[in-house]
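Computed from a prediction, not measured in an experiment: that's the story for all the values here.
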Amino acid sequence: MNTLPDPVAPDFRSADFLRAHIARTMAFYHPRCIDPSGGFFHYFKDDGGVFEASHRHLVSSTRFVFNYAMAAREFGEDAALRAQYLQAARHGLRYLRERHRNPDTGGYAWTLRDGRVEDETYHCYGVAFVLLAYSTALKAGMDEARAWMDETWQLLERRYWEPRHGLYRDEADAHWNFSGYRGQNANMHMCEAMLAAFEASGERRYLDRALGLAERMTRHHAAQAGGLVWEHYDADWNIDWTYHLDDPKHLFRPWGFQPGHQTEWAKLLLILDRHVEADWLLPTARHLFDTALAHSWDGRRGGMYYGFAFEGLRQALSEASALERPAMDGPALAEGPAYVCDDDKYFWVQAESLAAAALLAARTGEDRYWDWYQRLWAYAWTHLVDHRYGAWFRILDADNRKYSDEKSPAGKTDYHTMGACYEVLNLVRGS
């Protein structure tokens, strides 16, 4: 592995740079992430050492398939490398179907230990990445994945879809008993997966579902939250303003507005804009991106913070009793100054935001979005990209210091960083 620093001040809009960055990120994981006994290793130190060999998480198992299938497409001119990547993707698909998937229920286990089910909770968030993995495999030429995509669609229709709300419910136990929690994050990634499924198969049902999910979350429900996407809801899709109020740093379900999810939605809206004509897609994408950057960018030290809220929301919560649901007017939530409720700086927030900035720049022709793209990349290049060993550091504090040497625990895999590069590559190539 190359341990020398990369050249300084690259051209972040160059296809050669983006392609080389993907290749170098893949080199951090390949082939060390492949477990010959099945699936992939999911836990890596900064230098690439595996620090937990026995544990598996559905999110990593699926995202590694995405990584390998996308790389097989991108680097197909090298026949030997393409064959390695395709073999690794199929290796991951076997593990997904033989270990994570329960053939009796059709559900996918959340975590495994030593190849056995540890947590059989059936998360919609996880199934979104199952569909993304199958869709990307089909894009890479693995025709067997088409039937698995349809199988996953049927599972989603039968178990997760709520026609009355036009959204997916979130989590069930091993007997398909669903909790009362509903979340935007699962639906956002389901929108992403549906877009990938449409692009892989050409089947209109996937595109129609992606558009419907986007409309419900970024227009209907955002209108109840001051024009931004809130994270947490109850079983009737009423906003739950207090969910994890005492845990704003929760890994999967933090409290507060997440700027990274506003910009990630902006990216997805602009991908939808390629395929459908809807006059609300671009202005909604601009609003989400502009508001997120206005309230999360650290003007002194650089980078985007992880979570913010508004004084109007803080005041409403402080005035409500502990037992009642705050009854708040959505637009009023954006009144007053914003405040940061989580000042950590996550790798994926910067990656998704730079991709959204590039797509907005191309769609609007406004240089200010290219300025944001440059600023986000420059920050990531300085603080998050590991120029010694490759890949990105996962999380920094407000002063851009690492918390630990655990670069890639379960769930990371640098799917966000390479995915962002692929989106911008499509753009600069004009494809």
Review point. Salt-bridged, D236 to R164, with N to O below 4.0 Å?
Key: yes

Check your understanding: Distance only, no hydrogens: is a donor on one side chain within 3.5 Å (strictly under) of an acceptor on the other, for D414 and Y29?
Key -> yes

Review point. Is the closest side-chain donor-acceptor distance between T152 and D150 under 3.5 Å?
Key: no

**Study point:** No-hydrogen, no-angle side-chain donor-acceptor test under 3.5 Å, R56 and S61
**Key:** no

**Study point:** Under the side chain to side chain donor-acceptor pair (under 3.5 Å) test, residues paired with Y339 that sit two or more places apart
**Key:** none

Exercise for review: Kindly say whether V59 contributes a backbone atom to a donor-acceptor pair with the side chain of T62 at under 3.5 angstrom?
Suggested key: yes

Exercise for review: Would you please say whether a donor-acceptor pair under 3.5 Å links the side chains of Y181 and H232?
Suggested key: yes

**Study point:** Q262 and H287: side chain donor to acceptor below 3.5 Å
**Key:** no

Review point. Is the W230 ring parallel, tilted or perpendicular to the W241 ring (thresholds 30°, 60°)?
Key: tilted

Exercise for review: Measure from NZ or CZ of R209 to the centre of the six-membered ring of W161 and say whether it is under 6.0 Å with the direction within 45° of the ring axis.
Suggested key: yes

Check your understanding: In terms of side-chain geometry, is the basic nitrogen of R253 or E231 positioned less than 4.0 Å from the acidic oxygen of its partner?
Key -> no

Point to revise | Pair Q184-H261, side-chain hydrogen bond (donor to acceptor under 3.5 Å, both in side chains): steps then yes or no | key: CA-CA 9 Å; Q184 83 80 24; H261 283 162; 3.1 Å; yes

Practice item. State whether D397 and K345 are salt-bridged, where the test is any N-O pair (Lys NZ or Arg NE/NH1/NH2 against Asp/Glu carboxylate O) under 4.0 Å. Key: no

**Study point:** side chain to side chain donor-acceptor pair (under 3.5 Å) against D371, all qualifying residues, sequence neighbours excluded
**Key:** none

Exercise for review: Using the side chain to side chain donor-acceptor pair (under 3.5 Å) rule, pick out the option among H57, E118, H100 that qualifies with T111.
Suggested key: E118

Practice item. Mark yes or no: K45 above the aromatic ring of F51, with NZ or CZ under 6.0 Å from the six-membered ring centre and no more than 45 degrees from the axis. Key: yes

Exercise for review: Classify the angle between the aromatic ring planes of H295 and F310 as parallel (below 30°), tilted (30 to 60°) or perpendicular (above 60°).
Suggested key: perpendicular

Review point. Distance only, no hydrogens: is a donor on one side chain within 3.5 Å (strictly under) of an acceptor on the other, for E352 and T263?
Key: no

Exercise for review: Give the C-alpha distance, both sets of side-chain angles, the deciding distance and a yes or no for side-chain hydrogen bond (donor to acceptor under 3.5 Å, both in side chains) between H220 and E215.
Suggested key: CA-CA 7 Å; H220 177 79; E215 194 280 334; 6.0 Å; no

Practice item. Evaluate the criterion side-chain hydrogen bond (donor to acceptor under 3.5 Å, both in side chains) for residue pair N102 and Y108; output intermediate values, then yes/no. Key: CA-CA 6 Å; N102 183 331; Y108 288 81; over 6 Å; no

**Study point:** Check against side-chain hydrogen bond (donor to acceptor under 3.5 Å, both in side chains), Y233 and N187
**Key:** CA-CA 12 Å; Y233 302 79; N187 284 276; over 6 Å; no

Exercise for review: Can you establish whether the number of heavy atoms outside R116 located under 6.0 Å from its atom CZ is more than 12?
Suggested key: no

Check your understanding: Just checking, any donor-acceptor pair under 3.5 angstrom between side chains of T105 and Y122?
Key -> yes

**Study point:** Basic-acidic side-chain contact under 4.0 Å: E151, R158
**Key:** no

Check your understanding: Is the closest side-chain donor-acceptor distance between H55 and E52 under 3.5 Å?
Key -> no

Exercise for review: Check the side chains of Y85 and N67 for a donor-acceptor pair under 3.5 angstrom, ignoring hydrogens and angles.
Suggested key: no

Check your understanding: Does the cation-pi check pass for K249 over Y306, that is, NZ or CZ under 6.0 Å from the six-membered ring centre and within 45° of its axis?
Key -> no

Practice item. Look at atom CZ of R169 and say whether more than 12 heavy atoms of other residues, nucleotides or ligands are closer to it than 6.0 Å. Key: yes

Review point. Above 12 or not: heavy atoms from other molecules or residues under 6.0 Å from CG of D279?
Key: no

Review point. Looking only at side chains, do R97 and Y134 share a donor and an acceptor under 3.5 Å apart?
Key: yes

Check your understanding: Within the side chain of D399, is there an N or O that forms a donor-acceptor pair under 3.5 Å with the backbone of R401?
Key -> no

**Study point:** T121 and E171: side chain donor to acceptor below 3.5 Å
**Key:** no

Review point. With distance as the sole test, does Q350 use its side chain to make a donor-acceptor pair with the main-chain N or O of W377 at under 3.5 Å?
Key: no

Check your understanding: Quick one: do the Y373 and R13 side chains pair a donor with an acceptor below 3.5 Å?
Key -> no

Check your understanding: Is a donor on one side and an acceptor on the other found under 3.5 Å between the side chain of H123 and the backbone of Y125?
Key -> no

Practice item. Give a yes or no answer on whether the side chain of K412 reaches the backbone of W392 with a donor-acceptor pair at less than 3.5 Å. Key: yes

Practice item. State whether a side-chain donor-acceptor pair under 3.5 Å links E406 with S408. Key: no

Exercise for review: Over 60° means perpendicular and under 30° means parallel, so classify the ring planes of F66 and Y415, tilted if in between.
Suggested key: perpendicular

Study note, to complete from the structure: Correct closest heavy-atom pair for D46 and F28 would be O-CE1, 3.4 Å

Practice item. Please assess F393 against H383 for the test ring-ring contact (aromatic ring centres under 6.0 Å, His included), listing each intermediate value before the final yes or no. Key: CA-CA 8 Å; F393 302 120; H383 298 289; over 10 Å; no

